Amino acid sequence: MRELSTGRRRWPRRWPLQPVPRSRWEQQKPTFRQARPTLIDAALKRAEARRSGNWYVFAASRDIRADRPHGARVAGAELVAWRDADGRLRAGPGACPHMGAPMSQAKVDCGDLVCRWHGLRVGAGGGHGWRPYPAHDDGVLAWVRLDEAGGEEPTDRPVVPRRPPAESAVDSVMALTGTCEPSDVVANRLDPWHGAWFHPYSFTHLEVLEAPPEIDVEEHRDRFLVAVTFRVGAGLGVPVRAEFTCPEPRTVVMRIVEGEGAGSVVETHATPLGRGPDGRPRTAVIEAVVADSGRRGFALARAAAPALRPLMHRAARRLWRDDLAYAERRFDLRS
C-alpha cells in the first residue's frame with residue numbers, strides 16, 4: 001500500500017492519465033441535497049425558452065450518401081434525405097406525391113430521386129406538388145427545418161455549437177430511441193450530480209463546482225461546471241473540468257474547459273420522432289462527440305479515426321442505454 005502511494009506521488013502531473021484511488025461506490029459523498037429538482041427544472045425551462053429556428057438534428061452527416069436515400073422521422077413527419085450531384089444535403093417529405101410510395105426506397109439518379117413504383121422524379125427544386133425542406137449539413141450532423149412542427153420564426157441556419165476545428169478533431173455520432181419527450185433527455189443532462197452514481201464505469205471523483213441559480217440568471221452564468229475523472233482503465237483516469245450549457249431547447253453541450261482535450265465537446269440532441277404504436281412519444285437521442293487535443297500524439301488518433309469511432313460509439317451507447325431508462329422513468333412519473 002505504501003509503495004502504491006509513493007507511486008502516485010511520483011506520477012508526473014503533466015501526463016493526461018492519472019492514478020485513480022480505489023473507492024467503494026456506496027462510500028461516495030451523496031449528492032441528493034445539491035441535485036434539487038427545482039434547480040434542474042428551472043434550467044430546463046430556460047433552455048426550452050431559447051429559439052431553435054425550427055431546426056432538428058436527424059442523422060449523422062456521414063450517414064447521408066449520394067448513392068442511396070436515407071429515411072427518417074421527425075416530429076411525426078416522414079422524411080427522406082440524400083445528396084445531390086454536388087454532394088449537398090437535400091431533404092423532403094418521405095412520401096411520393098403520386099401514390100405515397102416511400103421515397104426512402106427511391107433510386108438516386110444524377111442527384112434526383114426516382115420513385116421505384118412509377119418512376120416519378122423529384123430533385124432539389126421539387127416538382128409534382130413535392131417540396132423539399134430546408135436542410136443543413138454542419139460537417140458532423142444533418143439538420144432539417146420543419147416550420148409547421150417547430151412553430152417558431154424560422155432561421156436560415158440552426159444553432160450549431162462551437163466545436164474544435166474539423167481538420168484536427170475526431171468525431172463520432174451515436175443514436176438511440178426512448179419512450180419519452182425531448183425535455184426528459186435534456187433534464188437528464190442538466191443533472192450532472194448523477195454521473196458517478198449512475199455511471200461508475202465511466203466517471204469518478206465528480207464534483208459540481210458551479211450550478212446556475214434558479215432565478216435571475218445571467219446568460220454567461222447559465223451553466224453547470226464540474227470536475228470529473230473519466231475512467232479509461234483499471235486504476236487510471238483523465239481528470240478534467242467541463243461545463244454543460246444549452247444553446248437551444250433540444251441541445252445540451254458538454255465542453256471540456258480545462259485538462260486533457262480542452263475544447264472537445266459532447267453534443268446531446270433530443271429530437272422528437274412522434275408517437276409510437278402505443279400512442280406514447282418517442283425521442284431520438286443523437287449524440288455527437290467531437291474530440292481534439294493539442295498533444296502531438298493526437299495525430300495518430302486522427303489517422304486511426306475509422307477504428308476509433310466504433311469504440312467511441314460503444315462508450316456513448318452504454319451511457320445512454322442507462323440514461324434513457326432514467327429519462328423514460330422521468331416521463332412515466334410525470335405522466
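Keep in mind the model is a prediction, meaning the values are calculated, not measured.
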I'd like to know whether V240 forms a side-chain contact (heavy atoms from CB on, under 4.5 Å) with E258, so could you lay out the CA-CA distance, the side-chain angles of the two residues, the decisive distance to 0.1 Å, and finally the verdict. CA-CA 6 Å; V240 302; E258 185 179 321; over 6 Å; no
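- Residues V285 and V252 do not share a hydrophobic cluster, defined by chaining ILVMFWY side chains whose heavy atoms lie under 4.5 Å apart.
- Criterion: ILVMFWY side-chain heavy atoms under 4.5 Å apart, direct or through other members. Under it, V266 and F203 are part of a common hydrophobic cluster.
- Every residue two or more places apart in sequence or in another chain was checked for a side-chain hydrogen bond (donor to acceptor under 3.5 Å, both in side chains) with E328, and none qualifies.
- Here the side chains of P247 and V253 are in contact, with some heavy-atom distance below 4.5 Å.
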Scan the side chains in residues 126-135 for donor-acceptor partners under 3.5 Å anywhere in the protein, sequence neighbours excluded, and list what turns up.
unit_1	atom_1	unit_2	atom_2	d
W130	NE1	P93	O	3.0

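- Taking 4.0 Å as the cut-off between side-chain N and carboxylate O, R51 and E153 do not count as a salt-bridged pair.
- Annotation for E26: atom CD counts as buried by contact number, over 12 foreign heavy atoms lying within 6.0 Å.
- Across all non-hydrogen atoms, the minimal contact from I286 to A175 is CG1-CB, 4.2 Å.
- Here the side chains of T271 and P182 are not in contact, with every heavy-atom distance at 4.5 Å or above.
- Side-chain polar atoms of E207 and H205 form no donor-acceptor pair below 3.5 angstrom.
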Apply side-chain contact (heavy atoms from CB on, under 4.5 Å) to residues V257 and L225 and explain how you reach the verdict. CA-CA 9 Å; V257 296; L225 179 67; 3.9 Å; yes
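- When side chains are defined from C-beta on, P161 does not count as touching V265, because their heavy atoms never get closer than 4.5 Å.
- Cation-pi geometry between R250 and Y56 is satisfied (NZ or CZ under 6.0 Å from the ring centre, within 45° of the ring normal).
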Applying side-chain contact (heavy atoms from CB on, under 4.5 Å) to E48 and R46, what does each step give before you reach the verdict? CA-CA 5 Å; E48 292 180 324; R46 291 193 299 272; over 6 Å; no
Start with the C-alpha gap between T245 and R255, add the side-chain angles, then the distance that decides, and say whether side chain to side chain donor-acceptor pair (under 3.5 Å) holds. CA-CA 8 Å; T245 59; R255 176 175 285 104; 4.9 Å; no
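- Atom CZ of R50 has more than 12 heavy atoms from other residues, nucleotides or ligands within 6.0 Å.
- Ion pairing between R302 and E167 fails under the 4.0 Å rule for side-chain N and carboxylate O.
- Look at R145 and D147 and you find a salt bridge, because one of the NZ, NE, NH1 or NH2 atoms lies within 4.0 Å of a carboxylate O, short of that distance.
- Contact between P69 and L113 at its shortest, heavy atoms only, is CB-CD2, 4.1 Å.
- Looking at H136 and D156, their side chains never bring a donor and an acceptor atom within 3.5 Å of each other.
- D191 has no carboxylate O lying under 4.0 Å from a charged side-chain N of R330, or vice versa, which leaves the two without a salt bridge.
- Of the charged side-chain nitrogens involved, at least one lies within less than 4.0 Å of a carboxylate oxygen, so that D171 and R62 count as a salt-bridged pair.
- Here CZ of R83 is found 6.5 Å from CD1 of I64. Values are rounded to the nearest 0.5 Å.
- The distance from the CG atom of D323 to the CG atom of N188 is 4.0 Å, given to the nearest 0.5 Å.
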Test side-chain contact (heavy atoms from CB on, under 4.5 Å) on F230 and T204 and set out the steps. CA-CA 7 Å; F230 294 98; T204 186; over 6 Å; no
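- For the side chain to side chain contact (heavy atoms under 4.5 Å, CB included) test, residues two or more places apart in sequence or in another chain that qualify with R329 are L333.
- In the hydrophobic clustering of ILVMFWY residues, with side-chain heavy atoms under 4.5 Å counting as a link, V238 and L236 come out together.
- The side-chain hydrogen bond (donor to acceptor under 3.5 Å, both in side chains) analysis of residues 280-294, with sequence neighbours excluded, yields the pairs S168-D292, E260-S293, T268-E287, D278-R282, R280-D332, E287-W320.
- Looking only at distances, a side-chain donor or acceptor of R73 sits under 3.5 Å from a matching main-chain atom of G76.
- Using modelled atom types, one finds no donor on one side chain facing an acceptor on the other under 3.5 Å when comparing D184 with Y326.
- Closest non-hydrogen pair, S172 versus R309, comes out as OG-O, 3.5 Å.
- Ion pairing between K107 and D109 fails under the 4.0 Å rule for side-chain N and carboxylate O.
- Under the 4.5 Å side-chain contact rule for hydrophobic residues, V289 and Y201 share a cluster.
- V108 has its side chain out of reach of D67: every pair of non-hydrogen atoms, C-beta onward, lies at least 4.5 Å apart.
- Residues V122 and M103 are in side-chain contact: their nearest non-hydrogen atoms beyond the backbone lie under 4.5 Å apart.
- Using a 4.5 Å heavy-atom threshold, the side chains of S61 and V140 count as separate.
- Both V226 and M254 are part of a single hydrophobic cluster, where members link through side-chain heavy atoms under 4.5 Å apart.
- Side-chain polar atoms of E248 and T251 form a donor-acceptor pair below 3.5 angstrom.
- Under a cut-off of 6.0 angstrom, the local environment of CZ in R334 is crowded, with over 12 non-hydrogen atoms contributed by other residues, nucleotides or ligands.
- A 4.5 Å side-chain heavy-atom check between R221 and P212 finds every atom pair outside the cut-off.
- No side-chain heavy atom of W82 sits less than 4.5 Å from a side-chain heavy atom of R65.
- Scored by the salt bridge (Lys or Arg N to Asp or Glu O under 4.0 Å) test, R88 finds D84, D86 as partners (sequence neighbours excluded).
- Side chain of R116 to main chain of Q105: a donor-acceptor pair is present (N/O by atom type, distance under 3.5 Å, no hydrogens or angles).
- The distance from the CZ atom of R317 to the CG atom of L324 is 10.0 Å, given to the nearest 0.5 Å.
- Ring geometry, F58 versus H70: the interplanar angle falls from 30° to 60°, so the pair is classed tilted.
- With hydrogens and angles disregarded, a donor-acceptor distance shorter than 3.5 Å links the side chain of E152 to the backbone of S52.
- Although no hydrogens or angles enter the test, the distance criterion places a donor-acceptor pair under 3.5 Å between the side chain of R231 and the main chain of P200.
- We find the CG-SG distance between L120 and C96 to be 4.5 Å, quoted to the nearest 0.5 Å.
- A donor-acceptor contact shorter than 3.5 Å links the side chain of S264 to the backbone of G261.
- Residues satisfying the side-chain hydrogen bond (donor to acceptor under 3.5 Å, both in side chains) criterion with W55, sequence neighbours excluded, are T155.
- Within the model, atoms CG of L206 and NE2 of H199 stand 10.5 Å from one another, a figure rounded to the nearest 0.5 Å.
- Distance check: L190 CG to I40 CD1 gives 8.0 Å after rounding to the nearest 0.5 Å.
- Nearest approach of A301 to L308, heavy atoms of both residues: O-CD1, 3.4 Å.
- Under 4.0 Å is where a charged nitrogen must lie from a carboxylate oxygen, and between R36 and E214 at least one such pair does.
- The nearest pair of heavy atoms linking A305 to V170 is CB-CG1, 4.0 Å.
- F224 and W193 have their aromatic ring centers within a separation under 6.0 angstrom.
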